[in-house]
Amino acid sequence: MNQFETKIFSPNQAGVRAAAEELLRGNVVGIPTETVYGLAANIRDEAAVYRIFETKHRPADNPLIVHISAFEQIFSVARVVYPLAKTLAEKFWPGPLTMVLPKDRSLSDAVTAGQDTVGIRMPAHPVARAIIDAAGVPLAAPSANLSGIPSPTCAEHVFDDLNGSIPCIVDGGECTVGVESTVIRVEEDRLTLLRPGGITVEQLKTVCENVTVAPGVLEHLDENAKVESPGMKYRHYSPKVPVIILDGGYEAFVSYVTRMQRQHLVGAMVFSGEGERLSCPVVTYGSKGNGASEAMGLFSALRKLDSLKVEVVYARMPAKDGVGFAVYNRLLRAAGFHVVDLREQNRSFVLGLTGKTGAGKGKVCAILKDRGFYAVDCDQTARKAVEKGSETLCRLVKAFGKGILTEAGECDRKALGRIVFSDKEKLAQLNAITHPAILKLIEDEIDYASGRGYVGICLDAPTLFESGADALCDKTVFVTADFKLRKNRILQRDALTEGEALQRMNAQKPDEFYAKRADVVFANNGEEALLAAQADQMLCALMGSEGK
Ligand code: TXA
Ligand code: MG
């Protein structure tokens with residue numbers, strides 16, 4: 001039954017004032033925030049707060065977030081504000097962070113659904129804060145969707161869900177974050193992550209090391225489970241069509257979806273630019289590996305799935321780091337925790353080769369290529385990860401300054417080397433930025449070669465263990481040779497003086513570092529002619545022992 005003719009207001013002074021008037025009249029109103037649109041009511045008007053639950057068919061035990069426009073307002077709703085909460089507010093407010101604190105007695109149980117805590121946040125969207133200011137009172141607001149449906153990231157989504165049941169929506173444009181706020185319980189010296197969101201765990205850890213992830217963030221909870229954040233247990237963000245996440249690379253995704261198309265009407269939810277090789281209806285949700293863009297596209301994509309008119313939708317696995325963690329959390333719920341692991345299914349045998357300079361790793365790699373292996377040159381991959389215009393290079397510039405760029409805007413590896421090699425912390429920072437990007441590219445290559453049916457893939461990786469690439473391998477090999485032999489080889493190959501050769505050799509880790517970690521130590525001291533036979537033997541032994 002239509003109670004209202006739902007109006008869409010512009011985000012100007014008149015729109016803000018009209019929305020505030022509706023709020024003070026006891027109505028609920030659609031408002032923009034940077035995360036998702038909210039369905040707001042005056043926290044001091046109990047009947048209005050109950051109206052939120054009615055309007056969106058929200059379960060009565062799921063508490064609402066209180067939205068404020070200035071820090072001091074926190075004292076009117078929270079009983080205790082720990083110093084840690086103040087620090088977090090200074091750092092992340094206004095912004096997509098909700099802090100759960102002990103509630104003030106004056107706050108109605110209607111807002112907190114009977115909990116003795118209250119979730120509070122100061123939104124970054126100027127229109128949201130202007131509406132709170134104009135109303136002169138904090139606003140309780142859940143996301144402005146019908147319960148169970150993906151959250152709205154534009155005014156049109158709110159209209160689609162609530163047309164006729166609310167008087168107005170203020171149209172503040174498309175939400176720039178796209179997933180809801182991060183919800184944390186704040187105690188004196190610790191944080192508990194109740195819902196991942198726009199502020200990442202890594203960001204929180206810059207303020208407080210002690211962050212635990214609550215049960216239910218990544219696993220399924222029973223509807224009757226007693227949990228801290230009731231929102232986590234409900235089936236959420238769900239299109240009507242079943243969604244299944246396929247965990248693996250693009251090649252494996254394409255072949256799985258193509259196979260399933262023989263049996264069902266299939267749709268796909270993929271990253272931008274990935275639709276071309278699929279012959280089924282497709283919806284995209286941001287760029288691969290870019291959590292922020294995946295977050296922005298996620299809910300719109302989920303809302304479109306039902307219109308594909310298919311029986312099942314297969315979705316690409318999102319990036320799991322940074323804001324991607326929130327995307328992963330929402331998509332898992334949309335899929336009812338249904339994930340198929342493609343990694344184990346079609347992957348070629350992956351052999352990681354590492355070794356010190358002059359040991360002849362490249363030669364072993366060439367022999368494997370002769371035998372039909374696909375070779376990944378991880379040094380080259382590392383260079384590609386920081387190529388001009390890449391997100392990783394931007395992050396490096398943010399961390400180490402513009403001095404690490406050449407005039408042409410490329411990564412100046414020597415300048416970067418000078419900064420990090422004398423400073424352990426900076427080196428760790430460099431690795432934390434580059435290693436995940438490099439591993440992603442290596443995974444893409446593994447996926448590519450597996451999809452094309454190569455018998456095996458060898459990673460030529462001088463820093464196989466240091467970068468964590470060994471985790472992608474079925475077996476690892478440490479190629480080594482006697483010190484003198486290695487020295488002679490690099491003297492010949494690289495035209496170095498004896499002093500330079502020794503300096504380079506001594507800068508590397510001791511043999512034990514590699515030997516301890518590798519499945520096999522391959523000594524390359526002999527005749528070149530014998531090398532091929534030795535390599536074959538090793539391969540037989542390693543591939544033969546696979547799966548046993
Ligand atoms: O970004 C956002 O947070 C958006 C915009 C509108 O601000 N709001 C939003 O609200 O997502 P909602 O109601 O859809 O989600 C609030 C989540 C729920 O999972 C709820 O259980 C949890 O926050 N929550 C609220 N108050 C809580 C409390 N006192 N203790 C534990 N969890 C709480
Ligand atoms: Mg919600």
Side-chain angles (χ1 to χ4, degrees), residues 28-41 43 49 52-53 55-69 77-79 92-104 107 109-125 127-129 131-132 138-153 157-158 161 170 172 175-187 192-199 214 216-217 221 225-238 295 299 323 326 329-330 333-334:
V28 297
V29 162
I31 66 165
T33 86
E34 74 282 17
T35 56
V36 301
Y37 274 69
L39 184 63
I43 57 160
V49 173
I52 290 179
F53 287 85
T55 307
K56 62 173 279 172
H57 309 301
R58 184 180 179 91
D61 67 349
N62 197 0
L64 308 175
I65 294 172
V66 171
H67 294 68
I68 59 178
S69 57
V77 283
R79 180 170 54 79
F92 301 117
W93 278 3
L97 180 69
T98 295
M99 294 197 260
V100 172
L101 289 165
K103 97 179 194 33
D104 190 83
L107 185 65
D109 279 343
V111 174
T112 60
Q115 307 255 355
D116 51 12
T117 53
V118 55
I120 309 162
R121 103 170 175 99
M122 191 199 297
H125 201 303
V127 176
R129 291 205 307 281
I131 296 171
I132 301 168
L139 300 177
S143 48
N145 49 286
L146 283 173
S147 227
I149 284 175
S151 296
T153 53
H157 291 162
V158 184
D161 280 11
V170 181
C175 300
T176 51
V177 177
V179 288
E180 302 89 340
S181 61
T182 302
V183 181
I184 48 170
R185 173 158 54 95
V186 182
E187 289 168 281
T192 310
L193 180 74
L194 304 178
R195 177 179 76 181
I199 298 292
V217 169
L221 289 175
K226 173 140 185 41
V227 286
E228 242 194 284
S229 187
M232 294 305 261
K233 68 187 182 193
Y234 296 108
R235 181 137 194 252
H236 247 331
Y237 317 111
S238 297
F299 288 143
V323 183
N329 164 281
R330 308 301 191 270
R333 285 177 163 66

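Counting convention: from 1, in listed order, for ligands and their atoms alike.
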Problem set entry | Region of L194 that comes within reach of ligand 1 [heavy atoms, distance under 4.0 Å] | side chain
Exercise. Can you tell me how far CE of M99 sits from CD1 of I184, rounded to the nearest 0.5 angstrom?
Worked result: 6.5 Å
Problem set entry | Heavy-atom proximity to atom 6 (C) of ligand 1, best of A214, G38, S147, C175 | G38
Problem set entry | For D104, all residues meeting salt bridge (charged side-chain N to carboxylate O under 4.0 Å, His left out), sequence neighbours excluded | none
Problem set entry | Given D161, T55, L139, the one that forms side chain to side chain contact (heavy atoms under 4.5 Å, CB included) with L39 | T55
Exercise. Is there a heavy atom of N62 sitting under 4.0 angstrom from any atom of ligand 1?
Worked result: yes
For this session: Answer with side chain, backbone, both or neither: which part of R185 has a heavy atom less than 4.0 angstrom from an atom of ligand 1?
Result: neither
For this session: Scan side-chain atoms only and decide if T98 and S181 contain a donor-acceptor pair under the 3.5 Å cut-off.
Result: yes
For this session: Pull out every atom of ligand 1 sitting under 4.0 Å from any heavy atom of S143, numbered as shown with elements.
Result: 8 (N), 9 (C), 10 (O), 12 (P), 14 (O)
Exercise. Hey, is the Mg ion (ligand 2) within less than 2.8 Å of some N/O/S atom on S143?
Worked result: yes
Seminar exercise, completed: Logged contact type for T117 with ligand 1, heavy-atom cut-off 4.0 Å, is both
Problem set entry | Proximal atoms of ligand 1 relative to V118 (non-hydrogen, under 4.0 Å) | 29 (N)
Exercise. So which bit of R58 gets within less than 4.0 Å of ligand 1, heavy atoms only: side chain, backbone, both or neither?
Worked result: side chain
Seminar exercise, completed: When every non-hydrogen atom of Y37 is compared with those of V158, the smallest separation belongs to CB-CG2, 3.5 Å
For this session: Output the list of atoms in ligand 1 that are nearer than 4.0 Å to some heavy atom of G119, sorted by atom number.
Result: 26 (N), 29 (N)
Seminar exercise, completed: When rounded to the nearest 0.5 Å, the distance separating OG of S147 from NE2 of H57 is 8.5 Å
For this session: List in chain and number order the residues that pass salt bridge (charged side-chain N to carboxylate O under 4.0 Å, His left out) with R185, two or more places apart in sequence or in another chain; answer none if no residue qualifies.
Result: E187, E228
For this session: Give the atoms of ligand 1, by number and element, whose distance to some non-hydrogen atom of V100 is under 4.0 Å.
Result: 28 (C), 29 (N), 30 (N)
Seminar exercise, completed: Atoms of ligand 1 under 4.0 Å from any heavy atom of R121, numbered from 1 in the order shown, are 1 (O), 2 (C), 3 (O), 5 (C), 7 (O)
Exercise. What atoms of ligand 1 come closer than 4.0 angstrom to any heavy atom of V36?
Worked result: 4 (C), 6 (C)
Exercise. Counting distance only, does the side-chain N/O of K56 pair as donor-acceptor with the main-chain N or O of S143 below 3.5 Å?
Worked result: yes
For this session: Going by heavy-atom distance to atom 16 (C) of ligand 1, choose the closest among I65, L64, L101, T35.
Result: I65
For this session: Please check if the side chain of R330 supplies one atom and the backbone of P196 the other of a donor-acceptor pair under 3.5 Å.
Result: yes
Problem set entry | Contact atoms of ligand 1, heavy-atom distance to V183 under 4.0 Å | 23 (O)
Exercise. For ligand 1, which atoms, with element, lie under 4.0 Å from some heavy atom of E180?
Worked result: 1 (O), 2 (C), 11 (O)
For this session: For ligand 1, find out whether one of its N or O atoms is nearer than 3.5 Å to an N or O atom of R195.
Result: yes
Exercise. Under 3.5 Å between some N or O of ligand 1 and some N or O of T33?
Worked result: no
Exercise. Are the side chain of R79 and the backbone N or O of L101 linked by a donor-acceptor pair below 3.5 Å?
Worked result: no
Exercise. Any donor-acceptor pair under 3.5 Å linking the side chain of N145 with the backbone of P150?
Worked result: no
For this session: Scan side-chain atoms only and decide if E180 and S151 contain a donor-acceptor pair under the 3.5 Å cut-off.
Result: yes
Exercise. When you look for heavy atoms under 4.0 Å from ligand 1, do you find them on the side chain of H67, its backbone, both, or neither?
Worked result: side chain
